[in-house]
Amino acid sequence: MGYVGVPLAVASAQAGFDVTGVDVERDKVAMINKGICYVEDAYSEKHLPGLVRAGSISATESLSEGANGSDIVIVCVPTPLNGKGEPDLSFLRSVAKNLSKDIAGFKLIIVESTSFPGTTSDIFQPLLERKGRKPDRDFALVYSPERIDYGNAKFGVRNIPKVAPVVTVGSPSVAEATKMLENIFRYVNIALVNELAVLHETLGVDFIEAINAAATKPFGFMPHYPGPGVGGHCIPKDPFYLVFKAKQAGFALRLVSASKAVNKMMPVHTIERLATALKASKKSLPNATVVVWGLAYKGEVKDTRRSPSLELLKLLRQSRAKIRVFDPYVPRMTMGAKVYESTSSETESVRDADALIIATAHNAFRNVDLLKIRGLMSNRPILYDTRNLRTRKECEEAGFTYLATGRP
Ligand code: SAJ
């Protein structure tokens, strides 16, 4: 019952199903049964309490208890990377093993967890069949990738087309390949604009303007925007499921590996460029106070998983800069032994600071009064807008030395 399971449970209950959520985490089960929604999904936050009160949704830690009373089992457990950066299918395998053991009655089993092609047919199904269970007699097995876009107010579980029974494809492996393609497409295209952004900064050409202009083409181009790196629970992780599978087949996915090198270079490039700008105003990182606005991995969410801000903070710490952070959605963030406390406001964060990095595209940063912020900072402060939320004109008119990703 995570960021995929909860919205799916709510949508299924809204559609008239009796839903039992199963999760190994006792506190999540307890919160669901109290009608408390802990995932960032406006639709679920609104509907879960009523559905629990009405008895349409309940939760348990026991898979057999949950599945035994059910006709349909939806599997959306994590598929992370292990310490070697390779697929960790242990959660998925344990569900299949448990389902094979003591589940009575015919079940439609739908796997949603992102993984490489062949996972459902070659790994999940054989485990399911261990105790003599037979497809079509005891179960039907479908792969239907989740496409939930965390924090997306417009598209949610009810209106994102579903690859499976809704958009039928020839096999679970095709559906798995579809999801891999979607997220690799994003990862590689972000790397493309990141690399070109760095080039155009050097060429003295406004690459953001070029992207916006290219985006006016009604076909053949989908705009992606450069930034300080790629974060989140899936885009920096999923491609490496296919890299692993390709390697097993003796195939090297060079574009994905190259994209990793580029996307990983972006936070380093950001801090190097800041250091150069500070030097130009006779300051240096070790003696500077640098403020990072945004800890979340993308705008309008509170999720900091693999956030590019983590890399920026690590690099700033290594350069012994004095660091302050502000994020309207993330009051504090722990990185190893270090805890970053967000200041209570933008203004409080910038007092006497030498540089301000906008790292996350939160809406709050689009409208903040730059003149007021400038007035609180030290002399000749730098504003580094890594997400291009503001314009050069308004930043320079406010008296900032302006830097932005993809702009000279
Ligand atoms: N990013 C850029 N430039 C862009 C777009 C994104 O730098 O042009 C960065 C974001 O700032 C963020 C990271 O990439 O750090 C990922 O952002 P995202 O918008 O892709 O968001 P996710 O990871 O929350 O959601 C993605 C979505 N996948 C696609 O759009 C192909 C979502 O539909 C998937 O369900 C989700 O991955 C997932 O769970 O797989």
Side-chain angles (χ1 to χ4, degrees), residues 2-8 39-41 76-81 112-116 144-157 159-163 175-198 207-208 211-212 214-215 221-242 259-260 262-267 269-270 293-312 327 329-330 358-363 365 385-389 404-406:
Y3 77 95
V4 174
V6 172
L8 266 176
V39 297
E40 263 186 289
D41 179 70
C76 40
V77 293
T79 46
L81 293 173
E112 297 245 348
S113 306
T114 303
S115 187
F116 50 73
S144 168
E146 61 86 7
R147 288 171 147 180
I148 290 188
D149 190 12
Y150 216 45
N152 187 323
K154 187 159 160 249
F155 284 103
V157 76
N159 62 353
I160 298 175
K162 220 55 179 73
V163 174
E176 287 151 344
T178 305
K179 175 67 187 205
M180 290 277 114
L181 172 61
E182 289 169 7
N183 281 6
I184 290 173
F185 171 89
R186 197 147 177 87
Y187 189 67
V188 170
N189 278 287
I190 295 169
L192 173 66
V193 290
N194 278 337
E195 186 163 48
L196 294 181
V198 175
F207 188 60
I208 305 303
I211 296 173
N212 292 337
F221 181 79
M222 179 192 274
H224 289 77
Y225 291 88
V230 177
H233 43 273
C234 37
I235 299 293
K237 177 262 294 180
D238 293 347
F240 300 93
Y241 265 60
L242 200 60
S259 300
K260 183 176 183 180
V262 171
N263 289 332
K264 280 201 164 302
M265 170 271 289
M266 290 311 283
H269 168 71
T270 303
W293 279 3
L295 297 173
Y297 78 90
K298 71 175 185 179
E300 302 309 295
V301 301
K302 61 183 178 198
D303 190 336
T304 59
R305 284 176 289 181
R306 291 194 180 87
S307 172
S309 302
L310 305 180
E311 285 307 308
L312 294 175
D327 189 308
Y329 295 96
V330 186
I358 300 181
T360 306
H362 289 319
N363 291 338
F365 303 148
D385 186 0
T386 72
R387 298 291 185 176
N388 287 287
L389 303 185
T405 309

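We count ligands from 1, going down the list as the structure has it; atoms in each ligand are counted the same way.
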Got more than 12 heavy atoms from elsewhere within 6.0 Å of CD, E195?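 Not more than 12 within 6.0 Å, no.
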Is it the case that the side chain of [X] and the backbone of [Y] share a donor-acceptor pair, with hydrogens and angles ignored and the cut-off at 3.5 Å?
X	Y	answer
E146	T114	no
N183	P239	no
H362	G299	no
E40	K302	yes
S144	E112	no
S309	G294	yes
K179	S115	no

Nearest neighbour in protein (non-hydrogen) for [atom]:
atom	value
atom 31 (C) of ligand 1	N183 OD1, 3.2 Å
atom 24 (O) of ligand 1	Y297 OH, 2.5 Å
atom 33 (O) of ligand 1	R147 O, 3.0 Å
atom 34 (C) of ligand 1	I148 O, 3.3 Å
atom 25 (O) of ligand 1	D149 OD1, 3.5 Å

Please report the C-alpha distance between R387 and Y225 in whole Å, then the side-chain angles of each, then the deciding distance to 0.1 Å, and finally whether the side chain to side chain contact (heavy atoms under 4.5 Å, CB included) criterion is met. CA-CA 8 Å; R387 298 291 185 176; Y225 291 88; over 6 Å; no
Of all the atoms in ligand 1, which lie at a distance below 4.0 Å from a heavy atom belonging to [X]?
X	result
I235	16 (C), 20 (O), 23 (O), 26 (C), 28 (N), 37 (O)
K179	34 (C), 35 (O), 38 (C), 39 (O), 40 (O)
E146	35 (O), 38 (C), 39 (O), 40 (O)
C234	23 (O), 36 (C), 37 (O), 38 (C), 39 (O), 40 (O)
Y225	2 (C), 3 (N), 4 (C), 7 (O), 8 (O)

When P226 is tested against each of I211, L192, T386, N263 for side chain to side chain contact (heavy atoms under 4.5 Å, CB included), which residue passes? I211
I'd like the name of whichever of E112, R186, E182 reaches closest to atom 30 (O) of ligand 1 through any heavy atom.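 The nearest heavy atom belongs to R186.
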Could you work out, for atom 16 (C) of ligand 1, the closest of G299, S309, G231 by heavy-atom distance?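 Ranked by closest heavy atom to atom 16 (C) of ligand 1, first place is G231.
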Does [X] come within less than 4.0 Å of ligand 1, judged by its heavy atoms?
X	answer
G232	no
D238	yes
I190	yes

Could you tell me whether K260 sits above the aromatic face of F240, with NZ or CZ closer than 6.0 angstrom to the six-membered ring centre and within 45 degrees of the axis?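 Yes, a cation-pi geometry holds between K260 and F240.
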Aromatic ring pairing Y3/H233, orientation class (parallel under 30°, perpendicular over 60°, tilted between):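 Aromatic pair Y3/H233 classed tilted.
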Side chain, backbone, both or neither: which part of [X] has a heavy atom under 4.0 Å from ligand 1?
X	value
Y187	neither
R387	side chain
H224	both

Judging by distance only, is a nitrogen or oxygen of K298 under 3.5 angstrom from one on ligand 1?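 Between K298 and ligand 1 (N or O atoms, distance only) the closest approach is under 3.5 Å.
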